[in-house]
Each structure stands twice: as structure tokens, then as C-alpha cells.
Number of protein chains: 2
Amino acid sequence: MHGELTGSDLKAPPAPPSRAADFVVSEIEAQILSGKLRDGSHLPAERDLMVEFGISRTVVREAIAALASRGLIESRPRFRPVVRKPGFDTALTAVGGMVAHLLSDPDGVKNLYDTRIFLEAALVRNAALHARKEDIAALRDALQANQEALTDSERFYATDVAFHAVFYGIPRNPVFPSLHKAFTTWLAPHWKRMPRSPERNRVNFLSHREICNAVVERDPDGAEKALNAHLNAAWEYVRGTFEPG
Amino acid sequence: MHGELTGSDLKAPPAPPSRAADFVVSEIEAQILSGKLRDGSHLPAERDLMVEFGISRTVVREAIAALASRGLIESRPRFRPVVRKPGFDTALTAVGGMVAHLLSDPDGVKNLYDTRIFLEAALVRNAALHARKEDIAALRDALQANQEALTDSERFYATDVAFHAVFYGIPRNPVFPSLHKAFTTWLAPHWKRMPRSPERNRVNFLSHREICNAVVERDPDGAEKALNAHLNAAWEYVRGTFEPG
DNA sequence: AGGCAGGTTTGGTCATACCAAACTTGTGGA
DNA sequence: TCCACAAGTTTGGTATGACCAAACCTGCCT
């Protein structure tokens, strides 16, 4: 049936590649890139693909599954698969399931959270140095919304997230908003179990205001310090959700 | 236009109907987490799984494929799948294929590279502030290796990567080395096409030395500035690999 | 004991069939 | 004319069963 993979392998140990569906995958991959399959359009029917590539439906389905898990196509149970040219955040979404397992280990949560702190510290520093007028305005708006939600823990959480999100938007690099989304999504389960109260909200709000003020005053060190204090304090509460101590 | 979907029968976004393989996936997922399937052990034969779950081999294979693409098991062509409890960098590896597509767009490369610069700037700053003696020593070693490879562009590249890697190790958070690996892997294709020469190597080495010195002198601003200059200069060369201008 | 040959597993692929849900189409009523 | 509903067709999901080739295992033979 199909040709051979002329043994030009790349690596000795894991090399003898005899894959068939992979060919289809890369083919469809290429078609998506070349635009033959445009974003949003849907994939041909499986039965059409099998004649187009001269393979069995088994392989077609396998290929589709692979593409789907790579985020290149979106395959709902009974519907026609939809072509999706992935963005940075769909990429991060795809790892989500795996990250969930990483987080079964408390160290995983800690490491991920520390990464977030590290990045966000750099972001507030960046904000203090480079924030534009609109950014400052957005920050103030977010802060006010945060304040107005002090007594509504549900809404406070949302405005809290929104406040932090502002910093991720300032560099004008789409990777950062995607990262923010990823962080909040991944850490949300633990966050949800964190005790909440108007008092806690108030503390957090004050931290936000402190950060905001430092940014407005163009004080990167102050902003960074405030953010670190803020997030490290939050950690003490989060860790209670899985470290009984 | 259409009336509306003021929801009667259709479940709008995601959650509707039927998937059979997903059950198997989550089941095996759970078994991996619970330790019933230990890391490194191999999965039961497909024909065994189909009786264990009372499903057809089709579904079993689909489930295995899904697990494999999520990085929970490692499935080589003709071999028994091996259970793998994923780590941060296997997670990032899994996205790799997708990222490759993001990079088909020059903006994607730019955004990713900018992200790297941003993170690495924060890392060198962190290094200047918190590097331990061992870290400084490692940095000096890496720098020296880098110098000794000046005339061998191949080896220079390796030592270059290794030098930068030191900074990712300083926070002692495994996420950062994984990120470094991911960055270098993803950007490598473009990097490979970048013109190289002993002169370029020398320029890069001098940048490295400058960064190293700033770190040794505990000068975060200087280190950050030097790194930004270094990487932004490199970008000018990299962009030539896809922007013919 | 060591090594090779043959039988047995096991993953990869194909072909076929059936079901149920989604899509399409055609007809009839307001 | 247009909407609504029902029958017919497509299409994805799953199940069987079969075959091949490579990997694995077993046991004989030197």
C-alpha cells in the first residue's frame, strides 16, 4: 500500500518509524498552513478523506484525533471537524489537561505559582517603566471596579483577575494575555477553595492599590516589591488548600 | 437572519452528547494518577484493555492515541505503550508541534522571541540580585567555554545556549529550564538559518561577558540592559531568515 | 551456557457493517 | 410567500473480524 519510509532515521534508539497516519497528519497540516483549508472551514468527510489519501477510515480517524489534540482542528462528537489555525492561547489550552496532572503534586502548584509571580513581577516593573496613558487609565478603572466589588466575593474575584490582566496587556504581546489566561485557568481550582471574605478582599484591594500607585509614580522597584508581597501573601492562603498545616 | 437561539433544545457551547473513548481516557488517567499504573511500566495490551473495559479495539486505540498526544503515555510504533507521568517540559514538548504552526507567521516568531527576551531580562536581573556562589561559578564556566569555542560556530552555538541556560537554572524552579528548552527548540529552526561567523561569535561572546560581569557586580539594571541589547541585536540577524528586507 | 529458528504476541492497517445524530430536502399548511 | 415539519441522506461513533510485520518468547541445538 504505501511506500516506505526510506530509512533515513534521525535517532538510533527510538527510530524505526513505521507510521502511516502521521503522513496524513502532516499532509493536512500542510493544507491548513497553505490555506487550502481555511480557518473556520470544516474538514472533508472522513469517507472522502480516505479516498483522497487512499487509506482506511481507521487511519483517517486516527489522524483527525491527532490533529484535534494538537489543536489544529476542533472535533465535536457528532459534528464535522472545524479547521482551527491555532493561536498562542489555544496552544496553552491544549496543555491544560496535562498540567492538571502536574498539579496533583503540591510542588507542581508551587512551581507554577512561583513562575507566575516571577513573570508578573517583571510585568509590573515593565508597567511602571513603560505604561502608556491608556494603560494607566485601564489600571485605574480595574482598580475601581475591584474596590466596588469588595463586599461581593464572587465579583471581587473577577475584578481581581481583571486587574492583574491589565499588566499582561501592557507589553502588547499576545503571548502574555494567553499566559494570564492559562495561569488563572490552571490555578483556579486551588484558588476556588481558598477562603474568601470581605476582609481578605480588602487586604487584596489595598495591595492592588499599592501596586497601582507605584506604577503611576513610575516606581518599578516599589511596584515589584508590592506585587511580590501581594502574591506571596496570597500563596499562604492557597497552600492551605492542599497542605494541611 | 435567523431568529435566535434563546435556548430551547440545543446546548450551546461544549457539553453535549456522547463520547466513549473519553471514558477510557479518564479511567486510565485516573489509574496513572492513583499509581495503579506506575511511571515507566507499560500499558496492558490493547486486546486486554478492550475486554477490561468492554469496548472494541477501535475505542481502545483511540484512547491510547489521545493519552499519547497528551503525553501521559509514550507510544512507539511497534512497541508496548509506556506510562509516563508528565513533567513540565514534556508538557511543553507536547505543544511544540502546534507552536511550529504559530511560527509560520513572522509575527508569531517575533512575539515568542520578545517573550523570551522579556523573561530572560527578568532572569538576569534576578541573577544579579540573587545568584549564589555556585551560580556565579557556573556562569563563569559557561562563559569560558563560550570563549573557547569562538572559532567553531557549531560548538559556539552549543555553549551559547548553555550560557543562557545558566540563568534559567538560578531560580531553582524546574519550570524555567523547561521553558528554556522550549524556547531554544522552537526558535532553533530560525536560528539555524542565521548567518554565523567568528566575528558574530565574538560579538555575542562580548555581550555574554558584559552580562556576566554585570551579574558579578550585582548590577541588575546593567545586566538587564546588556541582555536586552544582546538579544535585540540577535533579532536583527534572525529576522533576516524570513523577512527579506 | 550461548545463540539461533520457529511459534506466539501484539501493534498497525484494512474492510465492512450498523446505529444514531446531524444535515438536506421536499412537501403541506398558515 | 414563508415557515414548519417529516422523510431521506450524510456522516461520525462503534463494533467485528481479519491480516501483516515486527517484537517477544520458547526451546532446541551446538
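These values consider heavy atoms only, across backbone and side chains, with no hydrogens, waters or symmetry-generated copies.
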- prompt: Near DNA chain C, which residues from residues 46-61 of chain B have a heavy atom under 4.0 Å away?
  reply: B:Glu46, B:Arg47, B:Arg57, B:Arg61
Nearest-Å distance for atom pair [atom1]/[atom2], residues [X] and [N]:
X       : N      : atom1 : atom2 : value
A:Glu62 : D:dG12 : CD    : C1'   : 16 Å
A:Phe79 : D:dG13 : CZ    : P     : 11 Å
A:Phe23 : C:dC14 : CZ    : P     : 12 Å
A:Arg76 : D:dG13 : CZ    : P     : 11 Å
B:His42 : D:dA23 : NE2   : P     : 15 Å
A:Leu43 : D:dG12 : CG    : P     : 9 Å
A:Arg78 : C:dA21 : CZ    : P     : 7 Å

Please list every donor-acceptor pair under 3.5 Å in which a side-chain atom of residues 189-196 of chain A meets a protein atom from a residue at least two apart or in another chain.
{"residue": "A:Arg193", "atom": "NH2", "partner": "A:Thr241", "partner atom": "O", "Å": "3.2"}

task: For residues B:Tyr113 and B:Phe183, establish whether the separation of their ring centroids is below 6.0 Å.
output: no
- prompt: Would the B:Phe167 and B:Phe176 ring centres measure less than 6.0 Å apart?
  reply: no
- prompt: Is it the case that B:Gln31 and B:Glu27 place a side-chain donor and acceptor less than 3.5 Å from each other?
  reply: no
message: If you apply the rule side chain to side chain contact (heavy atoms under 4.5 Å, CB included), what do you find for B:Lys110 with B:Arg239, and how did you get there?
response: CA-CA 8 Å; B:Lys110 175 64 171 156; B:Arg239 96 201 227 144; over 6 Å; no
Give the table of side-chain donor-acceptor pairs shorter than 3.5 Å for residues 47-55 of chain A, with sequence neighbours excluded, one pair per line with atom names and distance.
none

